[in-house]
> 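Sharing a structure with you now.
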2 protein chains.
Amino acid sequence: MQLRSPSRNFKEQKVVSVTRKDQVYTILRQAIISSQLSPGETIRKELVAAQLGVSRTPVSDAINRLADEGLVEIYPQTGTFVARLWLDKIETAQFVRVALETAAIRRTAERATPETIARFRQNLERQRKAADKQDFEQFYELDEALHDLICDAAGLVGLREIASKERSQIDRVRRLLLHYETRMIETLAEHEAIISAIADKDPDKAAKTMEAHIAQMGKMLLHLRNKRPELFGS
Amino acid sequence: MQLRSPSRNFKEQKVVSVTRKDQVYTILRQAIISSQLSPGETIRKELVAAQLGVSRTPVSDAINRLADEGLVEIYPQTGTFVARLWLDKIETAQFVRVALETAAIRRTAERATPETIARFRQNLERQRKAADKQDFEQFYELDEALHDLICDAAGLVGLREIASKERSQIDRVRRLLLHYETRMIETLAEHEAIISAIADKDPDKAAKTMEAHIAQMGKMLLHLRNKRPELFGS
DNA sequence: AGTTGGTGTGTAACATGTTAGATGTTATTG
DNA sequence: CAATAACATCTAACATGTTACACACCAACT
């Protein structure tokens with residue numbers, strides 16, 4: 001018997017193996033974060049499997065991953081539900097996000113090249129256009145993309161994926177808030193301040209601005225809880 | 001048909017459902033981090049299943065989770081291996097760790113009660129005893145426990161779990177380094193400096209000390225790569 | 001000798017069958 | 001009528017069967 005080792009002849013860069021469970025994961029995650037599936041809603045694995053034309057296995061795998069990410073709640077032998085919003089978990093996620101992104105932005109401010117900054121500014125341009133058009137969805141996507149760009153610019157392999165995962169709770173909340181209050185103009189101004197600080201190679205200022213930017217969400221959250229208490233847990 | 005909702009009558013505090021996949025996960029994770037299973041080693045799901053007396057399903061589930069955590073590498077249709085050490089991934093994990101722990105320690109420094117600090121000092125006492133006895137394993141465990149204590153003291157639900165997960169790469173490396181170099185005396189001094197800064201309610205100093213403390217690992221890592229290149233990837 | 005193509009083998013991915021347990025409902029009993 | 005116990009039902013957890021694919025090996029050809 002020949003043992004196979006994880007030897008050099010493997011393609012070193014992980015080929016994006018798009019297995020079915022990955023596809024299911026992506027679809028469900030998107031559906032949850034975009035609030036197509038509401039917090040507290042039941043997920044029927046068998047039904048999902050049927051709808052997507054796969055068996056229960058890849059659906060279960062995807063849902064396990066989502067549970068790990070805190071986007072679904074699995075009650076053994078009972079049921080699976082889209083995770084409700086838990087204020088204390090959101091607080092933690094917020095903390096982690098601030099910690100990671102301010103650290104990332106410090107690094108980015110130190111090492112940003114003109115090309116990187118140009119990419120940032122290009123994103124900001126498009127944000128401005130979206131804000132002018134009152135295109136919430138587009139604006140929101142660009143917002144996320146900007147945070148990803150900043151992460152990437154820190155030059156750390158896999159950091160974006162980690163940050164994105166830890167941010168998923170927050171992203172979902174923000175998406176919900178989008179329908180109640182927008183703050184597009186203010187947000188855009190904050191983004192511009194962050195990028196300016198990076199361009200000025202001023203890590204402290206960049207980090208502080210980012211922190212203030214992220215902190216904005218708190219009060220809106222309480223507002224949402226008053227309007228839609230059914231989305232929240234505890 | 002009666003739909004069940006995730007209603008109030010669910011036990012609100014998640015009962016620690018110890019499913020088989022959780023048990024398998026815990027066992028394998030422990031084995032990997034403690035280097036019972038070496039980086040690069042093949043994992044045969046079927047064999048593991050047989051050894052643990054379960055079917056392939058819970059083993060696969062556990063391994064998926066470990067892959068998510070970066071502790072195993074799954075090559076579709078080919079094989080599963082204990083993850084090798086990738087310097088760039090370790091660098092990222094290190095970055096995340098510094099970001100999270102310095103942020104946590106800032107919060108902890110602000111809100112630490114005398115009882116909390118007493119717990120820290122108690123841990124330090126035991127570290128000193130372990131250092132005196134040259135008991136590496138014990139010292140290492142207390143080290144991890146101290147970091148957990150600091151996380152908990154930040155008062156954020158679930159932060160310890162997140163930090164612990166992001167730290168798993170690092171923990172594994174440190175465990176390996178334990179056999180080559182110890183730095184117990186220096187490490188203990190660093191820990192004491194951190195706790196003192198917390199007790200003095202000096203968040204900046206605490207954070208800086210923590211950062212320096214964590215940064216120590218870099219050079220030892222290169223040393224390890226020279227001695228045991230087979231553990232590393234790329 | 002180096003390259004190409006066919007073939008075998010082993011594994012993860014996937015499909016589906018089975019079990020155990022949590023909950024809601026109903027019957028039963030005081 | 002309330003408390004409780006038996007029962008039905010639904011689901012995730014678990015087991016096992018099947019498929020597709022990546023890789024190694026070897027032969028044939030250039």
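Numbered from 1 within each chain, the chains take letters A, B, ... in sequence-line order.
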> Find the distance B:Gln77:CD to D:dA22:P and express it as a whole number of Å.
7 Å
> Is the shortest heavy-atom distance from the side chain of B:Arg65 to the side chain of B:Asp22 under 4.5 Å?
yes
> Calculate the interatomic distance between B:Ile43 atom CD1 and C:dT11 atom C1'; express it in whole Å.
13 Å
> Within this structure, what is the CD-to-C1' distance between B:Glu73 and C:dT11, rounded to whole angstrom?
16 Å
> Once you round it to whole Å, what is the distance between P of D:dA12 and CZ of A:Arg65?
19 Å
> Just do the salt bridge (charged side-chain N to carboxylate O under 4.0 Å, His left out) check on A:Arg167 and A:Glu101 with the steps written out, would you?
CA-CA 10 Å; A:Arg167 225 176 44 210; A:Glu101 298 212 358; 3.4 Å; yes
> Using only heavy-atom distances, decide whether a donor-acceptor pair under 3.5 angstrom links the side-chain of A:Thr57 to the base of C:dA15.
yes
> What integer distance in Å separates A:Asp61:CG from C:dA13:P?
8 Å
> With nearest nucleotides of DNA chain C determined for B:Ile74 and A:Pro76 from heavy-atom distances, which residue corresponds to the more 5′ nucleotide?
B:Ile74
> At what distance, to the nearest 0.5 angstrom, does CD of B:Glu166 lie from CZ of B:Arg97?
12.0 Å
> Send over the distance from A:Glu46 CD to D:dC14 C1', rounded to a whole Å.
15 Å
> Assess the residue pair A:Met210 and A:Ile150 against the criterion (side chain to side chain contact (heavy atoms under 4.5 Å, CB included)); give the C-alpha distance rounded to whole Å, side-chain angles, the decisive distance to 0.1 Å, and a yes or no.
CA-CA 11 Å; A:Met210 172 70 89; A:Ile150 292 172; 4.3 Å; yes
> Could you state the atom-to-atom distance from NZ of B:Lys45 to C1' of D:dT16 in whole Å?
15 Å
> Whole angstroms only, please: what is the CD-P distance between B:Gln23 and D:dA13?
13 Å
> Look at the side chain of A:Arg56 and decide which nucleotide, out of D:dA13, C:dG17, C:dC14, has an atom nearest to it.
C:dG17
> Before accepting this row, confirm whether a basic side-chain N of the pair A:Glu144/A:Arg174 lies closer than 4.0 Å to the acidic partner's carboxylate O.
no
> Base, sugar-phosphate, or nothing: which does A:Thr80 touch, judged by heavy atoms less than 4.0 Å apart?
sugar-phosphate
> Is there a donor on the side chain of A:Thr78 or the base of D:dA12 sitting less than 3.5 Å from an acceptor on the other?
no
> As a test of reading the structure: which of D:dA15, D:dA13, C:dC14 is closest to the side chain of B:Val54, going by heavy atoms?
D:dA15
